[in-house]
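Here is the structure we will look at, set down as C-alpha cells.
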Amino acid sequence: MSEKKKIAILGGGYGGVLTAKKLAKKFKKDENVEIILIDKKPYHTLLTELHEVAAGRVSEDSIRIDLKKIFAKRKVEVVLDEIIDLDFKNNILKSENSTYEYDYLVIGAGSKPTYFGIKGAEEYCHKLWSYEDAVNLKEHILNMFRKAVKETNKEERQKLLTFIVVGGGFTGVEMMGELGEWKERLCKEFYIGQEEVTLILADDLPKILPNFPDKLIEKTKKRLGKLGVKVLTKAGITEVTKDCATIRNNGTVNTYTVIWTAGVEGSDIISKMEIEQKGRLRIATNDKLQSLDYKNVYVVGDNIFFIPEGEERPLPQMVENAEESAELVAHNVYSDIKGNEKKAYKPTFHGAMVCIGGKYGVANIGTGKKFYALSGFLALFVKHFINIVYFIQVAGFNKCWSYLLHEFFHVKDNRSLVGGYFSKSSPNFWLVVLRMFVGYKWLSEGLAKLPSIIADPTKIFLIPAPVVDGATAATAAAAGAKTAVDALPVPGFIGEIVKWSMDTFFYTGDGGYTTLATVFQTCMVLAEICVGLLLIVGLFTALASLMSIAMGMMIWTSGMAPTEMLWYLAAGIALIGGSGSTFGLDYYVLPVLKKYWKRIGFVKRSYLYVD
C-alpha cells in the first residue's frame with residue numbers, strides 16, 4: 001500500500017454518490033487521500049422516478065445524471081467498471097481486467113428484485129429497477145397498444161390490453177397510477193376504447209401501502225379506482241407464464257404484461273461477498289455502519305442490515321436512509337483517517353410520499369410519534385420539494401432546472417402538480433414584433449435625452465427636485481403638478497424608502513444634487529439606449545428584458561412614471577423567456593457562449609449551467 005489513503009466507493013446509487021460528495025468536501029485540500037467511485041454504468045439513476053419514464057410522463061434522460069458531471073472538478077475519480085470479486089483480507093477489488101486497492105471501502109451496491117421462488121416470475125415478468133427496465137417497459141407497453149389496434153381476435157386483443165402490477169408498495173402503486181393516467185392518451189392515439197383496457201394491482205398482503213394509515217390507503221384505492229384500476233389484496237401471484245398470470249383467490253388472467261414490484265434483495269455482487277449477511281442479502285453492520293467482519297468496510301443505503309436501538313426491524317430500504325447513512329459514513333471514514341471519534345447511527349426518518357400519477361399523491365410525514373397524513377396537492381408538493389432538496393445536493397442548479405422542466409413545463413395531458421398551467425407554450429416568433437417595439441421605445445427615449453446629457457450632464461431632469469423648505473416645496477409642487485396627476489401612484493412605505501435613499505445619495509443639503517446623481521442620470525440614459533439596441537437586435541434579450549423591468553420599477557418608485565410604464569413592465573416580463581432566439585442574435589451567440597461557459601471550472605463545480 002502507498003502512503004496515500006485510498007477510499008473506494010462501490011456503487012453510484014443514492015448512498016454512494018452522496019458519500020463520495022461528502023468525502024470529497026471533507027478531504028478537499030488533503031493531498032494524501034484519494035477517492036474513487038466505481039460503477040458499471042456512467043450515470044446515476046433516479047430510481048424513485050422510474051415509473052414516470054415507464055409510463056411516458058417524462059423523457060428518458062430525466063432520470064439519469066452523468067456521474068462525471070456530478071463530480072466535475074471534485075476530488076473523486078469516477079471509474080466505469082464492473083467489480084466481480086472482493087478480497088477483503090488484502091483490501092482489493094477485482095474486475096475482469098483490473099484490480100483496485102483500497103484502505104477504506106464503502107459498499108453501496110444497491111438492490112435487485114426478488115421473486116420469492118414464484119414459478120415463471122423472473123423469466124416472464126417485467127422489472128422496474130433500473131433505467132433500462134423503465135425504457136424497455138415503456139416500449140413494451142407501446143408495442144401492446146400497437147399490436148392491439150390491428151388485432152381482430154377478441155381474446156388476443158384482451159391479452160394485449162391487460163396489465164398487471166404485482167406489489168402494492170410504493171413502486172407498485174406509483175407505477176399503476178402512472179399507467180392509469182397514460183391509458184387515456186394511449187387509447188386516443190391507438191383508437192382503442194378505454195373500457196377495453198384492464199389494469200390490475202395485486203398484492204399478497206391484506207392491504208396496499210401497509211405502512212400508511214388506513215385513511216390514506218382508502219384515498220389511494222379511491223384514486224386508483226377513478227383511473228380504472230382494480231385493486232386486489234390477499235391475492236399473491238402464484239405462477240407466471242408468457243401469456244398469463246395465476247392470482248391467488250382470483251384464478252388465471254390472460255396477459256402479456258406482468259410488472260414485478262413486489263420486493264428487493266441485495267445486488268448480485270453482494271451474494272459473492274464473504275462477509276456476514278442477514279435478511280435478503282444485506283450486510284450486517286455495527287452502529288457505526290462498519291461491517292462486523294472488517295472495520296475498514298462501511299455500508300450505505302439498501303445494503304445495510306442494522307436494527308437501531310429501540311427498534312424491532314432493520315433499517316428501511318428507502319432514499320432517506322441512503323441520505324442519512326451517507327452523512328454518517330463520510331464522517332466516520334474521515335474520523336478514522338484523522339483519528340477523531342466516530343459517531344453511532346441514529347437515523348430520524350420523516351415518512352414517505354407516494355404519487356398516484358402526476359396529479360395526485362398521498363404522504364405520511366413527521367417525526368417520532370407525530371405524523372401527518374396529506375393527500376392531493378400538499379402531498380405532491382412535499383414530494384417535489386424533497387426531490388429538489390436532493391437534487392441540490394447532487395447536481396445543484398443544473399438538475400433542479402431540468403427537473404422543473406420535465407415535471408412542470410414539458411408535461412403532456414396536464415399530468416403535473418399544477419395541471420397544465422405551466423406547460424403551455426407558443427412559438428417565440430410571436431414575440432418578435434413586441435421585442436422590437438419595446439426596444440424602439442427605449443432607444444427613442446434614450447436618444448431624445450442624450451443631447452441634454454451631452455450639453456450639461458449636471459442638469460438633472462430624471463430625478464425629482466429636492467424639497468428643502470416651504471417655498472421650494474410650493475415651487476416644486478407647481479412645476480410637477482401635471483406629472484403628479486398623470487403619474488402612477490406609489491405606496492407610502494415605498495415612497496418613504498425612496499425619499500430616504502434620495503436624501504442620502506442624490507440631494508445636497510442646500511437643495512442641489514450630488515455628483516452621484518449626475519452619474520446615475522447619465523447611466524440611466526445610456527442604459528435606455530443599450531436596452532433598446534439589445535432588444536431590437538435580439539442579443540442577450542433575457543438580460544435586456546430584466547433591465548427593462550428594473551428601469552421601469554425605478555421610474556415608478558421615483559413617482560415620475562406615466563401610466564404607459566405599465567406596459568413597459570408587462571412587456572419586459574413577456575420577453576424574458578428566449579424572445580431573442582427567433583430573428584435575433586441570441587440564436588447564434590448564446591450557443592457559443594454556453595459552450596465556453598460550461599468549460600469554466602467554478603461553473604462545472606457549481607453546476608451553474610443548463611444542458
Side-chain angles (χ1 to χ4, degrees), residues 51 54-55 113-129 133 136-137 140-184 186-187 190 192-210 214 217-218 220-264 356-357:
H51 55 280
T114 184
Y115 298 94
F116 306 104
I118 294 172
K119 186 178 179 181
E122 184 170 5
E123 183 178 0
Y124 295 112
C125 287
H126 295 268
K127 299 180 294 181
L128 189 59
W129 200 248
D133 292 341
N136 291 338
L137 181 54
H140 170 81
I141 293 170
L142 287 169
N143 277 332
M144 293 300 98
F145 277 84
R146 289 173 185 137
K147 292 179 179 179
V149 71
K150 297 181 289 184
E151 183 57 60
T152 56
N153 181 283
K154 186 176 180 180
E155 291 183 0
E156 183 67 12
R157 186 179 173 100
Q158 186 178 27
K159 278 187 188 181
L160 293 166
L161 295 175
T162 297
F163 303 88
I164 300 175
V165 173
V166 183
F170 298 156
T171 305
V173 169
E174 290 187 323
M175 180 63 221
M176 189 51 87
E178 295 289 349
L179 188 53
E181 284 189 351
W182 197 25
K183 174 185 67 175
E184 182 177 351
L186 290 173
C187 288
F190 292 97
I192 292 172
Q194 292 191 42
E195 70 281 356
E196 294 186 71
V197 180
T198 301
L199 304 177
I200 299 172
L201 177 66
D203 196 284
D204 204 23
L205 296 176
K207 55 186 178 181
I208 59 173
L209 301 177
D214 288 343
I217 295 174
E218 289 305 312
T220 300
K221 291 169 67 175
K222 184 177 179 180
R223 178 63 181 175
L224 289 171
K226 286 184 177 180
L227 295 174
V229 178
K230 184 177 182 180
V231 178
L232 303 177
T233 52
K234 296 182 181 179
I237 299 294
T238 58
E239 184 179 357
V240 183
T241 68
K242 66 178 181 179
D243 61 356
C244 71
T246 303
I247 306 176
R248 184 179 291 111
N249 303 321
N250 289 271
T252 297
V253 178
N254 294 321
T255 178
Y256 292 115
T257 309
V258 180
I259 304 168
W260 189 269
T261 68
V264 296
I356 309 163

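The backbone N or O of Val166 lies less than 3.5 Å from a partner atom in the side chain of Thr261, making a donor-acceptor pair. Judged by distance alone, with hydrogens and angles left aside, the side-chain atoms of Thr238 form a donor-acceptor pair with the main-chain N or O of Thr246 at under 3.5 Å. A donor-acceptor pair under 3.5 Å is absent between the side-chain atoms of Trp260 and the main chain of Gly167, judged by distance alone. Side-chain N or O atoms of Asn143 include none that pairs as donor or acceptor with a backbone N or O of Ile141 at under 3.5 Å.
Cys125 and Val240 get closest at one heavy-atom pair: SG-CG2, 3.9 Å. In plain terms, the two heavy atoms of Ala235 and Asn250 that are nearest each other are CB-ND2, 3.5 Å. Looking at every heavy atom in both residues, Ile192 comes nearest to Ala148 through CD1-CB, 4.0 Å. Of all heavy-atom pairs between Val173 and Gly168, the closest is CG2-O, 3.7 Å. Here the closest heavy-atom approach between residue Leu128 and residue Ala54 is recorded as CD1-CB, 3.9 Å. For the residue pair Glu178 and Ala55, the shortest heavy atom distance occurs at CB-CB, 3.3 Å.
Residue Lys207 forms a side-chain hydrogen bond (donor to acceptor under 3.5 Å, both in side chains) with just one option from Thr220, Thr233, Asp214, and that option is Asp214. Screening Leu232, Ile208, Ile259 against Leu201 for a side chain to side chain contact (heavy atoms under 4.5 Å, CB included) leaves a single residue, Ile208. Partner of Thr198 under the side chain to side chain contact (heavy atoms under 4.5 Å, CB included) criterion, chosen from Asn254, Thr162, Val229: Thr162.
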Chi angles and distances behind the side chain to side chain contact (heavy atoms under 4.5 Å, CB included) call for Ile164, Ile247: CA-CA 10 Å; Ile164 300 175; Ile247 306 176; 4.3 Å; yes

Verdict with reasoning, Lys127 to Tyr115, per side chain to side chain contact (heavy atoms under 4.5 Å, CB included): CA-CA 10 Å; Lys127 299 180 294 181; Tyr115 298 94; 2.9 Å; yes

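The pair Glu181-Arg223 counts as a salt bridge, with a side-chain nitrogen and a carboxylate oxygen less than 4.0 angstrom apart.
Other residues, nucleotides and ligands contribute only 12 or fewer heavy atoms inside 6.0 Å of the NZ atom of Lys221. More than 12 heavy atoms of other shown residues, nucleotides or ligands fall within 6.0 angstrom of atom CD in Glu156. The local environment of CD in Glu184 is sparse, with at most 12 non-hydrogen atoms from other residues, nucleotides or ligands closer than 6.0 Å.
A search for ring-ring contact (aromatic ring centres under 6.0 Å, His included) contacts involving Tyr256 returns nothing, not counting sequence neighbours.
Atom CZ of Arg248 and atom CD1 of Ile237 lie 9.5 Å apart (nearest 0.5 Å). A distance of 8.0 Å separates OG1 in Thr257 from CG in Leu137, rounded to the nearest 0.5 Å. Here CZ of Phe145 is found 5.5 Å from CG of Leu161. Values are rounded to the nearest 0.5 Å. Put simply, CZ on Phe163 and CH2 on Trp182 are 8.5 Å apart, with the number rounded to the nearest 0.5 Å. Rounding to the nearest 0.5 angstrom, the gap separating the OG1 atom in Thr171 from the NE2 atom in His51 is 8.5 Å. Going from atom CE of Met176 over to atom CD1 of Ile356 covers 12.5 Å, rounded to the nearest 0.5 Å.
Side chains of Leu142 and Leu186 form a contact here, defined as non-hydrogen atoms less than 4.5 Å apart. Contact check for Asp243 versus Lys159: side-chain heavy atoms found under the 4.5 Å cut-off.
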